[in-house]
Amino acid sequence: MPKGQPNVVPDDGLTTRQRRNRPLVMVHTGVGKGKSTAAFGMALRAWNQGWPIGVFQFVKSAKWKVGEENALKVLGASGEGGRVDWHKMGEGWSWIQREPAAGEPSHEEKAREGWEQVKRDLAAETYRFYVLDEFAYLLHWGWVDVDEVVEVLRERPGTQHVVITGRNAPEKLVEYADLVTDMSKVKHPMDTGQKGQRGIEW
C-alpha cells in the first residue's frame, strides 16, 4: 500500500469514508514473540482516540502481572483518553499445570464463561476496542467453537474493533479476519537457555 493507498477499491457500494471506518477483526498468530505486545500497542492507539477498551486475558495466569496491564490501567484512569477495563478469564492454563479442585469449574468451563462475557459486551457495545489475548488457544483446543465465534463477530453491532492473539489460530478465523499477522521466529533467547526477564516479557 504505497503512501497508505489501497491497491484495490471494491465495488461494494460504500463511500471511501464508510469503507475506511469499517470495524475490523484482527488476528495476531504464529510461533514468534510479540503477538500480545502488538495488540496492546493497538490498544494504546485506541486509548488515544478516547475509545473505551476491554482487555480479556485468557490463558495467562491471573497472578501474572504484565506490564501492559498496569500501564493501560493508569492511562485509563487518567481521564485523558479512553476507559480501560481489564478482565482475567481463568487461572492461567498455559502456566498452571494442575487441575482445579473438586467442585471448582474446569479450565474449559472458565474459558467458556469468559467467552460468554465477551459476547454480552459485544451485544451491548460496551467497548470500541477489544483485546482477546491468547483467545486463539481456546479455539485451537476446541474449548470454544470457532464457527460460533466467527458468527458472533460477523453479527456484532456498531463499530467495535476486535484483536485476537495466540498461536494456532484456526483457518476459519483467519479466513474471516480483516487483518492477519503471522509472527515468525528467527531467533529467541530461550534457544540458548535464557529464560524470560523483567521489562522484556513482563
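Note that the structure is a prediction, hence the values are computed from the model and not measured.
- Separation of atoms NZ (Lys172) and CG (Asp145) is listed at 7.5 Å; rounding is to 0.5 Å.
- Side chain of Thr165 to backbone of Glu134: a donor-acceptor contact under 3.5 angstrom is found.
- At a threshold of 4.5 Å between non-hydrogen side-chain atoms, the residues Phe135 and Val149 count as touching.
- Taking the charged nitrogens against the carboxylate oxygens, Glu148 and Arg112 do have a contact shorter than 4.0 Å, which makes a salt bridge.
- Of all heavy-atom pairs between Met183 and Lys33, the closest is SD-O, 4.2 Å.
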Worksheet item: Hey, mind stepping through Thr29 and Arg167 against side-chain hydrogen bond (donor to acceptor under 3.5 Å, both in side chains) and telling me if it holds?
Response: CA-CA 5 Å; Thr29 192; Arg167 295 186 181 197; over 6 Å; no
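- Linking Ile, Leu, Val, Met, Phe, Trp and Tyr residues whenever their side-chain heavy atoms come within less than 4.5 Å leaves Leu138 and Val31 in two separate clusters.
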Scan the side chains in residues 43-50 for donor-acceptor partners under 3.5 Å anywhere in the protein, sequence neighbours excluded, and list what turns up.
{"unit_1": "Trp47", "atom_1": "NE1", "unit_2": "Leu75", "atom_2": "O", "d": "3.0"}
{"unit_1": "Trp47", "atom_1": "NE1", "unit_2": "Gly82", "atom_2": "O", "d": "3.4"}

Practice prompt. Given side-chain hydrogen bond (donor to acceptor under 3.5 Å, both in side chains), test Tyr127 with Asp85 step by step and report yes or no.
Written response: CA-CA 9 Å; Tyr127 306 107; Asp85 295 333; 2.8 Å; yes
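- In terms of modelled atom types and a separation under 3.5 Å, the side chain of Glu125 and the main chain of Gln160 share no donor-acceptor contact.
- Taking the charged nitrogens against the carboxylate oxygens, Glu69 and Lys73 do have a contact shorter than 4.0 Å, which makes a salt bridge.
- Criterion: ILVMFWY side-chain heavy atoms under 4.5 Å apart, direct or through other members. Under it, Leu179 and Ile53 are part of a common hydrophobic cluster.
- By the side chain to side chain contact (heavy atoms under 4.5 Å, CB included) test, Glu151 is found to be paired with Arg154, Glu155, residues two or more places apart in sequence or in another chain being considered.
- With hydrogens and angles disregarded, no donor-acceptor distance shorter than 3.5 Å links the side chain of Arg83 to the backbone of Trp51.
- Taking the side chain as every heavy atom from C-beta outward, Thr181 and Val27 never approach each other to under 4.5 Å.
- Taking the charged nitrogens against the carboxylate oxygens, Asp191 and Lys185 do have a contact shorter than 4.0 Å, which makes a salt bridge.
- Under a 4.0 Å N-O distance rule, the pair Lys119/Asp121 does not qualify as a salt bridge.
- Heavy atoms from other residues, nucleotides or ligands lying under 6.0 Å from CZ of Arg198 number 12 at most.
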Worksheet item: Should Asp133 and Lys35 be marked as a salt bridge (charged side-chain N to carboxylate O under 4.0 Å, His left out) after you check the CA-CA gap, both sets of side-chain angles, and the distance that decides it?
Response: CA-CA 9 Å; Asp133 189 36; Lys35 297 178 286 294; over 6 Å; no
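- Phe56 is not listed as a side-chain neighbour of Val131, based on a closest heavy-atom distance of 4.5 Å or more.
- A distance-only check finds no donor-acceptor pair linking the side chain of His87 to the backbone of Val55 [under 3.5 Å].
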